[in-house]
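One structure is given below, encoded as structure tokens.
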Amino acid sequence: MNVMDARLCLQLHRLPGLADLPLARLFRHYGCSRKIWDSDPRTWPQMGVPQATVDAAIDVQRGVARKSDLPKIEQQLNFLREIDAEVIVLTDPRYPVLLQLLYDPPPILYVRGEHSLLQQAQVGIVGARKASSHGRRAAHSLAAELVHAGLHICSGLAAGIDQAAHRGALDAGGKTLAVMATGLDVIYPARHRGLAEEISLSGCLLSEFPPGCRPLRQRFPRRNRVISGLSLGVLVVEAAQRSGSLITARTAMEQGREVFALPWSMFHTPGQGCLGLIKDGVKMVLRVEDILEELGPLYQCQREALNPAASEPAADTGLSAAESGVLDLIGSEAVSVDELVSHSGLAVSRILAVLSTLEIGGRVVRDAGGYIQS
């Protein structure tokens, strides 16, 4: 961890009234936290930064910031150092490309564990906190099967379905990502401290909130958008008609992600939200193949990486028709995802899957907000 950059990011997070969108604009305009702080805050309002934030930033630059901020920032830094955390900002090459595409991406991520997993293919699994034994069993089993297929599991470290999904991935020898609605030092629920520690050793914990942030109600929807934003698709295992899991599913749809749901009896109240999703056109899942066949070429690439004998490349390029078509649209100048969607006619989720396959295969690389042939 670069201590100076981490300190500057923590200072940005302590500025009053600085929301995600304006902060994201600052990063995209200036490139990094150092250049943001080297700039003149009086120019920030043109990027949507409120005047109260500008005044506070000027005070920081003059060295007259609130004295209470300094020991707090040092305390946060010490914690991040102790757990060997990484601070990854929106313009960092390590920042996950799927999150960059969101309307409101988290400008700063605090990550403990294997941060490279943020760039790899994963499926989000969400559901009820007060899950039934059948729901927990389904989440555990499907998570394990997805891991065996070469995918990672992303969830929210909550009780019930989240816990079962994380545990299923770990028990299968796979990797799982836990997105937190708190700082990395605040495990919620507290009884999952051991699970969080295990995940950090064979996966990663991540949060958009700096150390010390408590589990406030408004932070959970923000956490949920990151779960869906990181994932190629989201599986809702068990959810009531009004639940945070359904909010995650709706957010995933808005983000262009695939959404899946398990069918339940109409008499099973915690599963009626899933029935509603299926009624609205979400893919019903009876077995893991129902998920894998929708994820397209990315799953095939992962499967071939695990089992080369399963690969059946074309005689000429070894690419599928979709991969060849997308590759033909990419040259030596950066092409954005939006441009690829427009010119190919493919859905965003399909384009993202194809790009991930091409990137893993060394055919393309990310550059200047788009993709070029390598």
Side-chain angles (χ1 to χ4, degrees), residues 1-15 18-39 44 47 49 57 73 76-77 79-81 83-122 152 154 175 177-180 183-184 200 203-211 213 222-223 225-232 255 334-338 352 355-356 358-360 362 364-372 374:
M1 179 182 73
N2 185 305
V3 175
M4 177 58 70
D5 288 342
R7 179 181 283 108
L8 295 175
C9 286
L10 291 169
Q11 286 179 330
L12 286 170
H13 260 155
R14 293 195 70 78
L15 291 175
L18 184 54
D20 280 353
L21 279 175
L23 181 53
R25 293 188 190 111
L26 288 174
F27 272 111
R28 284 176 170 144
H29 183 78
Y30 293 108
C32 67
S33 56
R34 296 189 188 204
K35 291 184 178 179
I36 292 174
W37 281 112
D38 285 341
S39 69
W44 294 1
M47 284 168 273
V49 178
I73 289 174
Q76 292 172 325
L77 275 174
F79 170 76
L80 294 173
R81 274 195 296 253
I83 65 170
D84 197 25
E86 292 292 334
V87 181
I88 301 176
V89 303
L90 184 61
T91 51
D92 191 312
R94 300 172 299 171
Y95 193 95
V97 64
L98 291 182
L99 280 188
Q100 283 180 327
L101 300 174
L102 301 189
Y103 166 73
D104 57 345
I108 302 171
L109 294 175
Y110 301 91
V111 185
R112 179 186 183 188
E114 192 175 338
H115 61 79
S116 62
L117 294 180
L118 299 178
Q119 302 284 15
Q120 299 178 28
Q122 54 200 275
H152 305 309
C154 183
K175 299 180 184 296
L177 300 86
V179 185
M180 301 170 60
L184 292 177
S200 72
C204 75
L205 305 172
L206 67 146
S207 175
E208 63 181 298
F209 306 105
C213 287
R222 293 176 63 184
R223 184 274 310 269
R225 93 190 189 290
V226 175
I227 293 175
S228 57
L230 281 169
S231 304
L232 289 173
Q255 294 168 344
V335 181
S336 71
V337 172
D338 288 342
L352 294 174
L355 287 171
S356 296
L358 294 173
E359 190 172 12
I360 291 171
V364 301
V365 295
R366 278 186 286 159
D367 180 75
Y371 286 83
I372 61 174
S374 57

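Sequential numbering from 1 along the given sequence is applied to the chain's residues.
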Let me see the working for Val49 and Arg25 under side chain to side chain contact (heavy atoms under 4.5 Å, CB included), right down to the final yes or no.
CA-CA 9 Å; Val49 178; Arg25 293 188 190 111; over 6 Å; no
Check the pair Ile83 / Leu184 against side chain to side chain contact (heavy atoms under 4.5 Å, CB included), numbers first and verdict last.
CA-CA 9 Å; Ile83 65 170; Leu184 292 177; 4.0 Å; yes
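For the pair Leu358/Tyr371, no side-chain contact is recorded, criterion being any heavy-atom separation below 4.5 Å from C-beta on. Using a 4.5 Å heavy-atom cutoff, the side chains of His115 and Leu206 are not in contact. Taking 4.5 Å as the limit, some side-chain heavy atom of Leu80 sits within range of a side-chain heavy atom of Val87. By the 4.5 Å heavy-atom criterion applied to side chains, Val179 and Leu230 are counted as neighbours. Counting heavy atoms from C-beta outward, Leu117 and Gln120 have side chains that approach closer than 4.5 Å. A 4.5 Å side-chain heavy-atom check between Val111 and Leu205 finds every atom pair outside the cut-off. Put simply, the side chain of Leu177 does not reach to within 4.5 Å of the side chain of Ile227, judged on heavy atoms. Considering only heavy atoms from C-beta on, Ile88 comes within 4.5 Å of Leu118 through its side chain.
With sequence neighbours left out, Ala57 forms a side chain to side chain contact (heavy atoms under 4.5 Å, CB included) with Leu15, Trp37, Pro41, Trp44. Considering only residues two or more places apart in sequence or on other chains, Ser374 meets the side chain to side chain contact (heavy atoms under 4.5 Å, CB included) condition with Val365. In this structure, the side chain to side chain contact (heavy atoms under 4.5 Å, CB included) partners of Asn2, at least two apart in sequence or on a different chain, are Met4, Asp5, Arg34. Applying the salt bridge (charged side-chain N to carboxylate O under 4.0 Å, His left out) criterion to Arg81, with sequence neighbours excluded, gives no partner residue.
Atom-to-atom distance recorded for Leu232:CG and His152:NE2 is 11.0 Å, nearest 0.5 angstrom. Once rounded to the nearest 0.5 Å, the distance linking OG of Ser231 with CD of Gln255 reads 9.0 Å. To the nearest 0.5 Å, atom NE2 of residue His29 and atom OG of residue Ser39 are 7.5 Å apart. In this structure, CZ in Phe27 is found 6.5 Å from OG1 in Thr91, a value given to the nearest 0.5 Å.
Paired with Ser207 under the rule side-chain contact (heavy atoms from CB on, under 4.5 Å), one option of Arg223, Met180, Arg112 passes, and it is Met180.
Without hydrogens or angle criteria, Glu208 side chain to Ile108 main chain gives no donor-acceptor distance under 3.5 Å. Between the Gln122 side chain and the Cys154 main chain, no donor and acceptor come within less than 3.5 Å of each other.
Listed by first and then second residue, the side chain to side chain donor-acceptor pair (under 3.5 Å) pairs involving residues 101-110 are His13-Tyr110, Asp104-Arg225 (not counting sequence neighbours).
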For residues 93-102, run the donor-acceptor check on the side chains, cut-off 3.5 Å, and write out each pair with its distance to 0.1 Å, sequence neighbours left out.
| unit_1 | atom_1 | unit_2 | atom_2 | d |
| --- | --- | --- | --- | --- |
| Arg94 | NE | Asp92 | OD1 | 3.2 |
| Arg94 | NE | Asp92 | OD2 | 3.3 |
| Arg94 | NH1 | Glu86 | OE1 | 3.0 |
| Arg94 | NH2 | Asp92 | OD2 | 2.9 |
| Tyr95 | OH | Pro106 | O | 2.5 |
| Gln100 | NE2 | Leu90 | O | 3.1 |

